[in-house]
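The structure appears below as structure tokens.
The structure presented is a predicted model; accordingly, all values stated were derived computationally and were not measured.
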Amino acid sequence: MRSLLLTLLSTLSALSSPPNILFINVDDMNTDSIGAYGCPIENITPTIDKLAADGITFEKAHVNISICQPSRSVWLTGRYPHRNGALGFHNINDDCPSLPEALKNGGYYNALIGKALHIIPTRQHAFHYIRDQKDLGQGRSPSEYADAIRTAIDEAKKANKPFFIMASAHDPHRPFADSEGDYKNLPPVTRTITPEEAIIPGFLPDLPDIRKELAQYFTSVHRADEVTGAIIAEIDKAGLTDNTLIIFMSDNGIPLPLAKANCFLHSTSTPWIIRWPGHAKSNSRDSTHFVSGIDLTPTLLAAAGLENLPGTDGSSILPILKGETLPDRDKVFTSINSIYGNKQYPMRAINDGIHLYIWNQWSNGTTTYRNESMSGLTFKAMQEAAKTDPDIAKRIQHLLYRTPQELYDIRTDPNCLHNLLENPTPQSTQIAESLATALKSQMQQTQDPQLPNFPQ
């Protein structure tokens with residue numbers, strides 16, 4: 001009887017103990033580059049697909065800003081960029097609380113593996129263990145990530161603490177695998193995607209050099225999947241599968257023109273997958289609720305049994321895992337402020353699942369847009385083709401100058417090719433005005449510094 005009682009108490013203690021948390025994030029991976037999200041390239045992401053099969057996949061997940069460092073700052077504070085201070089490649093405000101600090105104070109062992117430079121650098125004291133890019137095969141070595149995960153698990157065990165591991169793969173960020181600028185002395189890729197296999201996003205033309213660059217990108221996607229696999233394998237080998245919550249996301253869309261560092265649908269859409277045995281139903285999908293970067297911190301703190309940070313803009317999505325319907329998750333707000341190099345291109349957007357409304361504060365007919373996603377082969381190929389193709393020339397013109405207001409029907413035009421306000425009708429004007437009103441309300445509630453410039 002005493003033995004049975006001790007076993008029961010031990011089981012109850014294990015069930016009530018806070019979970020280990022593993023947050024895997026990849027760099028610049030488009031949602032539809034993943035098999036579980038519809039990519040037709042066979043076995044392009046077998047590990048991520050298996051993760052989706054073992055948990056819940058969110059189909060309406062977004063980052064709130066589609067640039068590396070500010071996107072991660074949103075994740076780890078639960079606040080929009082203009083509320084945490086990281087409008088671009090900036091530090092968060094001194095008085096802004098953060099997820100790793102809260103978890104550390106709540107008894108967690110924290111490890112930061114990869115992308116350390118771009119993950120709230122002023123709060124790295126909250127991590128017990130940090131291993132960055134140069135010690136991870138430039139953030140692209142599965143074996144080095146596996147070693148780092150093992151170290152973090154062992155140290156957490158010695159400290160008798162649950163762990164929070166933020167493991168950030170550097171793929172498929174440029175330089176792409178097998179490209180001219182790719183890092184030297186990396187292990188050979190185990191699979192090379194050919195230009196014929198590459199999938200051209202609908203917002204780009206199908207040109208030979210674009211196919212070549214997309215092949216390099218998809219090769220990098222596959223390598224990121226291998227890194228992801230190496231990370232998860234260490235959790236499972238350590239016997240921690242049942243008490244580890246795994247979340248998988250990307251920081252923004254593909255680093256090509258008309259995606260990353262913008263507010264288009266493919267700019268902010270992110271994979272969001274949760275594996276948490278006993279909590280997240282396996283092989284399930286949620287296509288009802290909008291979830292976004294501001295919800296990550298509240299979700300992880302709720303899972304850990306800790307209070308949400310004061311002043312957060314997001315809320316926990318754990319009720320969705322229990323099958324609850326949350327009626328207020330019917331839209332998402334996204335933005336751009338400054339890009340790398342501190343060039344200012346303020347944009348604000350609202351997506352209600354039917355239409356996407358974008359306001360470009362910077363668009364004045366003379367200012368030109370430029371970001372690092374326009375380097376490489378793709379934009380050059382578009383420029384060359386534009387000399388004889390008026391449709392591509394028009395697309396480049398739109399990218400460079402935009403218009404102050406854009407409206408897209410993302411059900412029929414997910415690639416955002418047809419701005420309904422270019423030739424407005426009474427219906428499109430009414431829809432734009434309604435969405436602009438909702439956007440203005442959100443800007444007022446969050447004290448957005450761009451509010452005085454908003455035209456409504």
Side-chain angles (χ1 to χ4, degrees), residues 28 30 32-33 39-41 66 172-182 192-221 252-267 269 336 339-341 343 345 347 356 358 360 362-410 412-425 428:
D28 292 3
N30 238 42
D32 60 7
S33 299
C39 182
I41 300 176
S66 61
H173 194 287
R174 295 175 185 276
F176 298 140
D178 294 336
S179 67
E180 265 188 37
D182 195 13
T192 299
I193 305 300
T194 66
E196 292 73 27
E197 291 178 283
I199 305 300
I200 308 300
F203 53 85
L204 293 174
D206 190 346
L207 300 170
D209 272 0
I210 294 181
R211 279 199 165 274
K212 180 180 178 180
E213 187 158 58
L214 263 296
Q216 296 166 353
Y217 162 80
F218 278 108
T219 300
S220 300
V221 167
N252 47 248
I254 190 171
L256 294 176
L258 300 156
K260 180 181 177 179
N262 245 298
C263 288
F264 297 116
L265 185 62
H266 286 280
S267 306
S269 175
I336 292 293
I339 64 171
Y340 192 75
K343 182 71 174 177
Y345 295 110
M347 309 177 201
L356 171 64
I358 304 173
N360 301 298
W362 62 273
S363 178
N364 57 17
T366 57
T367 300
T368 56
Y369 178 84
R370 182 83 192 186
N371 76 358
E372 59 89 20
S373 294
M374 296 158 69
S375 62
L377 301 177
T378 295
F379 188 62
K380 292 176 183 176
M382 291 175 68
Q383 287 178 308
E384 184 63 29
K387 295 176 182 178
T388 56
D389 188 322
D391 289 336
I392 296 177
K394 182 179 179 181
R395 195 71 175 141
I396 289 178
Q397 182 79 1
H398 180 61
L399 173 62
L400 293 179
Y401 296 99
R402 304 292 287 279
T403 58
Q405 297 185 82
E406 301 170 41
L407 179 69
Y408 302 99
D409 185 335
I410 54 176
T412 59
D413 182 25
N415 295 302
C416 300
L417 299 175
H418 307 290
N419 178 11
L420 298 178
L421 299 181
E422 185 176 354
N423 295 297
T425 64
S428 64

Does any part of the side chain of [Y], heavy atoms only, come nearer than 4.5 Å to the side chain of [X], both counted from C-beta?
| X | Y | answer |
| --- | --- | --- |
| Tyr408 | Leu420 | no |
| Asp28 | Lys260 | yes |
| Arg395 | Leu417 | yes |
| Ile193 | Ile41 | yes |
| Asp209 | Lys380 | no |
| Asn360 | Glu406 | yes |
| Leu265 | Phe203 | no |
| Ile254 | Leu214 | yes |

Donor-acceptor contact present, side-chain [X] to main-chain [Y], <3.5 Å:
| X | Y | answer |
| --- | --- | --- |
| Thr219 | Ala215 | yes |
| Thr367 | Asn364 | no |
| Thr378 | Ile210 | no |
| Arg211 | Ala198 | yes |
| Asp413 | His418 | yes |

Problem set entry | From Ile358 atom CD1 to Leu407 atom CG, the distance as rounded to the nearest 0.5 Å |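 The CD1 atom of Ile358 sits 9.5 Å away from the CG atom of Leu407.
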Looking at every non-hydrogen atom in both residues, tell me the closest pair between [X] and [Y] and how far apart they are.
| X | Y | result |
| --- | --- | --- |
| Asn30 | Gly253 | OD1-CA, 3.3 Å |
| Ser66 | Ser267 | CB-O, 3.1 Å |
| Leu400 | Phe379 | CD2-CZ, 4.2 Å |
| Pro257 | Leu399 | CB-CD2, 3.8 Å |

Exercise. side-chain hydrogen bond (donor to acceptor under 3.5 Å, both in side chains): which pairs involve residues 173-182, sequence neighbours left out?
Worked result: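 Listed by first then second residue: Arg174-Glu213.
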Problem set entry | Asn371: partners by side chain to side chain contact (heavy atoms under 4.5 Å, CB included), with sequence neighbours left out |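 Asn371 satisfies side chain to side chain contact (heavy atoms under 4.5 Å, CB included) with Ala261, Ile339, Tyr369, Ser373, Met374 only.
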Exercise. Got a sec, which residues hit ring pair (Phe, Tyr, Trp, His ring centres under 6.0 Å) with Phe176, two or more places apart in sequence or on another chain?
Worked result: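 If we apply the ring pair (Phe, Tyr, Trp, His ring centres under 6.0 Å) test to Phe176, skipping adjacent residues, the hits are Tyr217.
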Exercise. How are the rings of Trp362 and Tyr345 set relative to one another: parallel (under 30°), tilted (30 to 60°) or perpendicular (over 60°)?
Worked result: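 Trp362 vs Tyr345 ring planes: perpendicular.
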Exercise. Only one of Ser33, Pro172, Pro175 clears side-chain contact (heavy atoms from CB on, under 4.5 Å) with Ser220; which?
Worked result: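 Exactly one option meets the side-chain contact (heavy atoms from CB on, under 4.5 Å) with Ser220, and it is Pro172.
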